[in-house]
Amino acid sequence: MQALMSLLAEHGLLIVFLVTLAARAGVPVPAAPLLVVAGGLAAGPAGGATPPWWWALGLAIVANVAGDAVWFAAGRRYGHRVMGLLCRLSLSPDSCVRQSETMMTRWGGSALVAAKFVPGVSVVAAPMAGALGMSVPRFVAYDVVAGAIWSGLFLGLGAAFSRQVDAVLAALAQAGMAAGMLLVALVAGFAGWRWWRRRRFLRALAMQRISVTELRQLLQAADAAPVVIDVRSGTAGQLDPRRIPGARPVALPDILAHAAGLPRDAHIVLYCNCPNEASAALAAQRLARQGFTRVQPLAGGLEAWAAAGHPVSTG
């Protein structure tokens, strides 16, 4: 504990800034626990030896805005491709963009505040705001508020429970290697649990896909053409206006409402541009439960179709 207090006393502000900045950039570092510790030590018996909590709060806010600004600028420049990259690096790649779209559509700029507390969405919210055309002053204003709430909450928790923080640090210092191994085990257990949940989700979506080559052949055939459905949300369509020519735009939540208007004897192909065709597979399963027998997600989705050189429209 003494070593940690000495480290925070000498380099505490720099550590708070760098760790918070890294967390906002997407690096999996424990920024929130560090702020709790910093707040606890600043308000504890040795508070005079550590940086004042309001300095740490100010630097944490600056780090939040600086880290988010990088992704905001990337979103404005590269659009949907940035979200695809971030979600592939996420523990929940199949849902992070969809959750961010939902939050941004419902709450607008306020979603930047809520996203700070939603794992898997916090890093995606800033580039999505940029891709959707949020103005720079509005983004900065919302992000300053979001950074202040997020940082102030964890610093405040540390200050409120400063005695308990001191006790926990003292116990960890005495435990030594055992405490470190326990911490590693907890982190590994959490990552394993998230991995297991995702594997279970992917198994639930297991069904036969149709390839882009097969879909192209069906569209060029002389007999009845398949019904192609774009299940992306309106926000996703705004981020990426490309579409397979002739595709019907029906968002995933609305698929059952449109089921009555779909021909039951037709081959129905659904696509999205999400990892593992998650939204398209979910929509296909919902239609299959309604009695549709020739329904398939498009393997690779819109990205695979465009990468194969097949035509796309923007209408």
Side-chain angles (χ1 to χ4, degrees), residues 1-72 100 103 107 109-126 129 138-175 179-180 182-184 186-187 190:
M1 177 180 175
Q2 293 299 326
L4 179 59
M5 289 178 61
S6 299
L7 182 63
L8 287 174
E10 295 177 10
H11 309 290
L13 294 177
L14 178 62
I15 292 173
V16 167
F17 178 80
L18 291 178
V19 172
T20 304
L21 179 64
R24 300 316 322 143
V27 180
V29 293
L34 175 68
L35 289 177
V36 173
V37 171
L41 292 179
T50 57
W53 68 269
W54 57 86
W55 291 6
L57 176 62
L59 280 178
I61 294 173
V62 172
N64 267 278
V65 176
D68 286 343
V70 173
W71 290 117
F72 176 78
S100 300
M103 293 176 65
W107 300 341
S110 302
L112 291 171
V113 180
K116 296 285 185 185
F117 301 93
V118 182
V121 177
S122 57
V123 178
V124 183
R138 189 163 180 251
F139 165 75
V140 172
Y142 274 110
D143 210 51
V144 167
V145 173
I149 293 175
W150 183 83
S151 305
L153 174 64
F154 291 110
L155 285 168
L157 284 174
F161 297 97
S162 59
R163 294 183 182 275
Q164 289 81 357
V165 170
D166 287 340
V168 169
L169 290 177
L172 290 176
Q174 293 177 358
L182 176 61
L183 181 61
V184 171
L186 290 174
V187 173
F190 175 75

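All values reported here derive from a predicted model rather than from experimental measurement.
For the atom pair CG of Leu155 and CH2 of Trp150, the computed distance is 9.0 Å after rounding to the nearest 0.5 Å.
Residues Val113 and Ala146 approach most closely at CA-CB, 3.6 Å, considering heavy atoms. What you find for Leu21 and Ala66 is that their closest heavy atoms are CD1-CB, 4.0 Å. Ser151 and Leu57 make their closest contact through CB-CD1, 3.7 Å (heavy atoms, listed as atom of the first residue, atom of the second, distance).
Of the possible polar contacts, one joining the Trp71 side chain to the Ala25 backbone as a donor-acceptor pair under 3.5 Å is found.
With a 4.5 Å cut-off on side-chain heavy atoms, Arg138 and Leu112 do not count as touching. A heavy-atom distance below 4.5 Å is found between the side chains of Asp68 and Phe139.
When each of Ile149, Leu153, Asn64 is checked for a side chain to side chain contact (heavy atoms under 4.5 Å, CB included) with Lys116, only Asn64 meets the rule.
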